[in-house]
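Small disclaimer: the values here were computed from a predicted structure and weren't measured. First the proteins, then the strands, lettered A, B, ... as listed; each starts at 1.
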2 protein chains.
Amino acid sequence: MKLTTKGRYAVTAMLDLAIQQSAGSVCLSDIAERQEISLSYLEQLFGRLRKSGLVESTRGPGGGYSLGQTPEQVSIAAIISAVDEDVDITRCSGNENCQQNTRCLTHDLWSDLSNKIQNYLEDISLGDLIKRQSVQTIAARQDTVLLKRRDDIVAP
Amino acid sequence: MKLTTKGRYAVTAMLDLAIQQSAGSVCLSDIAERQEISLSYLEQLFGRLRKSGLVESTRGPGGGYSLGQTPEQVSIAAIISAVDEDVDITRCSGNENCQQNTRCLTHDLWSDLSNKIQNYLEDISLGDLIKRQSVQTIAARQDTVLLKRRDDIVAP
DNA sequence: AGAATACCTGAGTTATTTACTTGGTTATTA
DNA sequence: TAATAACCAAGTAAATAACTCAGGTATTCT
């Protein structure tokens, strides 16, 4: 399992989308502001998420992204594998050719761990995360901050 | 949890050591050959493993390394944390300051996963790995290859 | 004593990957 | 037609990982 900022950003952005989408489609610049992620970087990530069918897009003013499935149907594992190439921690990426075309001494250990992580993340959906109190609290705070910032711009 | 080649090398080398140490202390150049890891890189890693008490060293001819504890006492988690700095996948390294000094929207998710991985690797010891049939098979093959290579050098 | 072995150390270098930017184009709506 | 926002590809900069180099020190064997 390759767990980097890229995957974390993708999950964070998807969760933001899931929380906000009751108000219709959500544009990336809003997500970028709330989650403090570079807009163009988000665009890259959402290109991949779209190709995987996890999100749908509408162009033009008032447009943005919405979930392609219900929050309950979108697992964290699916998001990560949509933006990261592989979901494996073995050196050979699961090909079993880590040492002279056969498995290295610890291949199975990493392979087993990869599966554990994969299963864990498959079992958690965006729907599960939304229900968590801590997520609600943080989302509310981020909302307030964003609205306040916009207020300041309009009437300083 | 930061899982990189460094940690994998360390675990592989430690497992090699655990398998071979019945014959007394094992020198790094042998491990380097069997596991195809650069000798100087191994020296770095074993410097850290020694400071953590996981291995003991004897200098001079016939010297090498031996385990500082029984294989059953050495967990995989201990090896990885001896060579990698942190064992956490959150962006803030567990400091909970990922966004403006508070937790980001997905902090708890990564934090929980980190704990899962940590627990999993704490529960596996070198002793457990040695018992596995696949490990025995691969170790035997690596032994043969090494001995054959030495034969070839002595009598080509 | 001297050569060989093998650990020990730190500073440097190279390669890879990640994160991010730039500079556009296309579709849609008001 | 002007503004908005998705779409896209290529490039770059920073970080980190992996590895090398050039010494050293302790120990043993001859």
Starting at [atom1] of [X] and ending at [atom2] of [N], how long is that distance when rounded to a whole Å?
X        : N       : atom1 : atom2 : value
Glu33(B) : dA6(C)  : CD    : C1'   : 15 Å
Lys6(A)  : dA14(D) : NZ    : P     : 20 Å
Leu17(B) : dC7(C)  : CG    : C1'   : 14 Å
Tyr41(B) : dC7(C)  : OH    : P     : 18 Å
Glu36(A) : dC20(C) : CD    : P     : 12 Å

Next item on the list: Encode nucleotides 11-17 of chain C as B, S and - characters from 5' to 3', where the letter depends on protein heavy atoms closer than 4.0 Å: B to the base, S only to sugar-phosphate, - to neither.
Entry: B------
Under the side chain to side chain contact (heavy atoms under 4.5 Å, CB included) rule, collect the residues that match up with [X], sequence neighbours excluded.
X         : value
Ser52(A)  : Leu54(A), Ala82(A)
Thr106(B) : Val11(A), Thr12(A), Leu15(A), Cys104(B), Trp110(B)
Thr4(B)   : Lys2(B), Lys6(B), Asp84(B)

Note to self: Whether the Asp108(A) and Ser111(A) side chains hold a donor-acceptor pair (N or O, under 3.5 Å, no angle test) is what I'd like checked.
What the structure shows: no
Next item on the list: Identify, with sequence neighbours excluded, every residue that meets side-chain hydrogen bond (donor to acceptor under 3.5 Å, both in side chains) alongside Thr70(B).
Entry: Gln73(B)
Checklist line | salt bridge (charged side-chain N to carboxylate O under 4.0 Å, His left out) contacts in which one or both residues fall within residues 52-61 of chain A, not counting sequence neighbours | finding: none
Note to self: For dA19(C) and Ser38(A) - does any side-chain N or O of the residue sit under 4.0 Å from the phosphate oxygens OP1/OP2?
What the structure shows: no
Notebook entry, point to check: Can a side chain N or O of Tyr9(A) be found less than 4.0 Å away from OP1 or OP2 on dC20(C)?
Noted result: yes
Notebook entry, point to check: What ring-ring contact (aromatic ring centres under 6.0 Å, His included) pairs are there with at least one residue in residues 22-55 of chain B, not counting sequence neighbours?
Noted result: Tyr9(B)-Tyr41(B), Phe46(B)-Tyr65(B)
Check: What residues form a salt bridge (charged side-chain N to carboxylate O under 4.0 Å, His left out) with Asp123(B), not counting sequence neighbours?
Finding: none
Is there any protein nitrogen or oxygen under 3.5 Å from a nitrogen or oxygen in nucleotides 1-8 of chain D, and what are the pairs?
{"residue": "dA6(D)", "atom": "OP1", "partner": "Leu28(A)", "partner atom": "N", "Å": "2.9"}
{"residue": "dA6(D)", "atom": "O3'", "partner": "Ser57(A)", "partner atom": "OG", "Å": "3.3"}
{"residue": "dC7(D)", "atom": "OP1", "partner": "Arg50(A)", "partner atom": "NE", "Å": "3.2"}
{"residue": "dC7(D)", "atom": "OP1", "partner": "Ser57(A)", "partner atom": "OG", "Å": "2.3"}
{"residue": "dC7(D)", "atom": "OP2", "partner": "Ser57(A)", "partner atom": "OG", "Å": "3.4"}
{"residue": "dC7(D)", "atom": "OP2", "partner": "Tyr65(A)", "partner atom": "OH", "Å": "2.5"}
{"residue": "dC7(D)", "atom": "O4'", "partner": "Arg59(A)", "partner atom": "NH2", "Å": "3.3"}
{"residue": "dC7(D)", "atom": "N4", "partner": "Glu43(A)", "partner atom": "OE1", "Å": "3.3"}
{"residue": "dC7(D)", "atom": "N4", "partner": "Glu43(A)", "partner atom": "OE2", "Å": "3.3"}
{"residue": "dC8(D)", "atom": "N4", "partner": "Glu43(A)", "partner atom": "OE1", "Å": "3.4"}

